[in-house]
Amino acid sequence: MKAFTYERATDPAAAAASAARQGGARFIAGGTNLLDLMKLQIETPSHLIDVNGLGLDTVADTPDGGLRIGALVRNADLAAHPRVRRDYAVLSRALLAGASAQLRNRATTAGNLLQRTRCPYFYDPQQACNKRLPGSGCAAIGGFNRGLAVIGGSEHCIATHPSDMAVAMRALDAQVETVRADGRTRSLALPALYRLPGDTPHLETVLERDELITAVVLPPPLRGVHAYHKVRDRASYAFALVAVAVVVPEHGHPRVALGGVAPQPWRVEGAEQGNDGKRIAAGMLDGARPTAQNAFKVTLVERTLAAMLAEARA
């Protein structure tokens, strides 16, 4: 691990201002992803800004009946929150499907959204990776890519986003709130937060260097059936081969978001018509370019979604 300086921020604007002043600065809260990457020297920040003391660790009702989730709310606390369990059950279930109990006790809401890919080539400094070293190539293309993206990737990167929580939030139409060093704030729909890899896979979000996530806001809840199913190689502490978040409201079409198949939580609202899981899956994965090793994911999405919708109807 390379040497770095460290400070504890006192308020969100001060944290953002510190990041603006110091090149190579990174925010740190739970550290469940960043510290691992620092040990491997994949991430080499020159300055860490500890944001744990900013008071962004509460869950509160919004005036319209939605929910504002502070950026520092721990995953375990969010999964267990009474309103989340009652009104946003797909989110609670997605959180409990992620990582381990120990990690959920440390991981934060914002950190979960911003975690880096778990592509094995990204984690191996001896391998070519455009996300880690732009222009070096992508060893995953033509390499071992069974767990990687079937849609949304590019000739420069086929990594997948690893978050379970983000998949559920995509189905719930979450908004991300941020603040910058000059005090400016903005609200982003969750899909607007992420960039597809294109020819710049090292740029994963639209956040500026001095921009700090302060909260995630959920709209008023949809009454109905909430379900989350994660298909993985082992029962715990494993990333999804395919994950499906489904919200079937009492009235209207289902909402569906996918994990494990793309560089970001994947949803295609135009495909969410009717209750035919196979047809919805086909619409969501229209244009997919799977490899020989991960083509099974297309069929797996179809079958998983069809089974979940059938169970919801029952």
Side-chain angles (χ1 to χ4, degrees), residues 29-40 42 59 69 72-82 84-86 88-124 140 144-150 159-172 174 216 225-247 256-266 293-294 296-297 299-308 311-312:
T32 58
N33 187 205
L34 179 59
L35 290 178
D36 285 342
L37 295 173
M38 289 174 65
K39 291 173 184 177
L40 295 170
I42 294 169
V59 180
I69 302 162
L72 297 174
V73 174
R74 307 293 167 171
N75 286 179
D77 294 334
L78 186 59
H81 192 277
V84 175
R85 294 179 62 189
R86 185 189 71 208
Y88 304 95
V90 65
L91 176 57
S92 181
R93 291 168 182 167
L95 285 162
L96 292 174
S100 66
Q102 294 91 334
L103 287 174
R104 291 194 295 270
N105 284 337
R106 290 297 304 162
T108 63
T109 298
N112 190 300
L113 293 177
L114 297 178
Q115 61 185 304
R116 306 295 302 275
T117 179
R118 261 49 178 201
C119 173
Y121 297 98
F122 174 73
Y123 268 77
D124 185 351
F144 179 70
N145 49 45
R146 175 175 175 269
L148 300 182
V150 298
T160 52
H161 195 276
S163 173
D164 289 287
M165 184 193 78
V167 179
M169 287 187 167
R170 182 69 181 89
L172 293 169
V216 176
V225 177
H226 288 222
Y228 188 82
H229 190 66
K230 181 177 182 178
V231 182
R232 45 188 164 177
D233 285 327
R234 58 182 185 270
S236 64
Y237 203 54
F239 296 102
L241 293 171
V242 162
V244 183
V246 172
V247 178
V256 180
L258 304 177
V261 299
Q264 63 186 48
W266 197 255
Q293 294 176 32
N294 66 18
F296 73 93
K297 289 191 176 190
T299 303
L300 190 57
V301 168
E302 292 176 353
R303 293 179 178 176
T304 303
L305 179 55
M308 293 174 71
E311 184 176 350

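All heavy atoms count here, side chains included; hydrogens, waters and symmetry mates do not.
Residues D164 and R232 are not paired through a salt bridge, judged by the lack of any N-O separation under 4.0 Å between the basic side chain and the carboxylate.
Considering CZ of R118 and CG of N33, their distance stands at 4.0 Å, rounded to 0.5 Å. Going from atom NE2 of H161 over to atom CZ of R170 covers 13.0 Å, rounded to the nearest 0.5 Å. For the atom pair CG of L91 and CG of L172, the computed distance is 6.5 Å after rounding to the nearest 0.5 Å. One distance of note links CZ of R116 with CD1 of I42; it measures 8.5 Å at 0.5 Å rounding. Taking OG of S163 as the reference point, atom CG of N75 lies at 8.0 Å (rounded to 0.5 Å). Interatomic distance, R146 CZ to D233 CG, rounded to the nearest 0.5 Å: 4.0 Å.
Nearest heavy atoms, A149 versus A159: CB-O, 3.8 Å. Contact between V59 and V73 at its shortest, heavy atoms only, is CG2-CG2, 3.9 Å. Shortest non-hydrogen contact noted between V90 and A168 is O-CB, 3.7 Å. Contact detail for G147 and K297: the closest heavy-atom pair is O-NZ, 2.8 Å. Pairing each heavy atom of T32 with each of D36, the nearest pair is O-OD2, 3.4 Å. For T117 against T160, the heavy-atom pair with the smallest separation is OG1-O, 3.0 Å.
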side-chain contact (heavy atoms from CB on, under 4.5 Å), that's the test. Do V242 and H229 meet it? Break it down for me.
CA-CA 8 Å; V242 162; H229 190 66; over 6 Å; no
Hey, mind stepping through L40 and F122 against side-chain contact (heavy atoms from CB on, under 4.5 Å) and telling me if it holds?
CA-CA 11 Å; L40 295 170; F122 174 73; over 6 Å; no
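By the 6.0 Å contact criterion, CZ on F296 is enclosed, its count of non-hydrogen atoms from other residues, nucleotides or ligands being greater than 12. For CD of E311, the number of neighbouring non-hydrogen atoms (other residues, nucleotides, ligands) closer than 6.0 Å is 12 at most.
Inter-residue side-chain proximity for T304 and M308 is flagged as met; some heavy-atom pair is nearer than 4.5 Å. Using a 4.5 Å heavy-atom threshold, the side chains of Y121 and N145 count as separate. Side-chain contact between V246 and V225 is absent, with no heavy-atom pair separated by less than 4.5 Å. Taking the side chain as every heavy atom from C-beta outward, V167 and Y228 approach each other to under 4.5 Å. Using a 4.5 Å heavy-atom cutoff, the side chains of M169 and L113 are in contact.
Put simply, the side chain of R106 never gets that close to the backbone of G31: no donor and acceptor are under 3.5 Å apart. The backbone N or O of G259 sits nowhere less than 3.5 Å from a side-chain atom of K230 that would complete a donor-acceptor pair.
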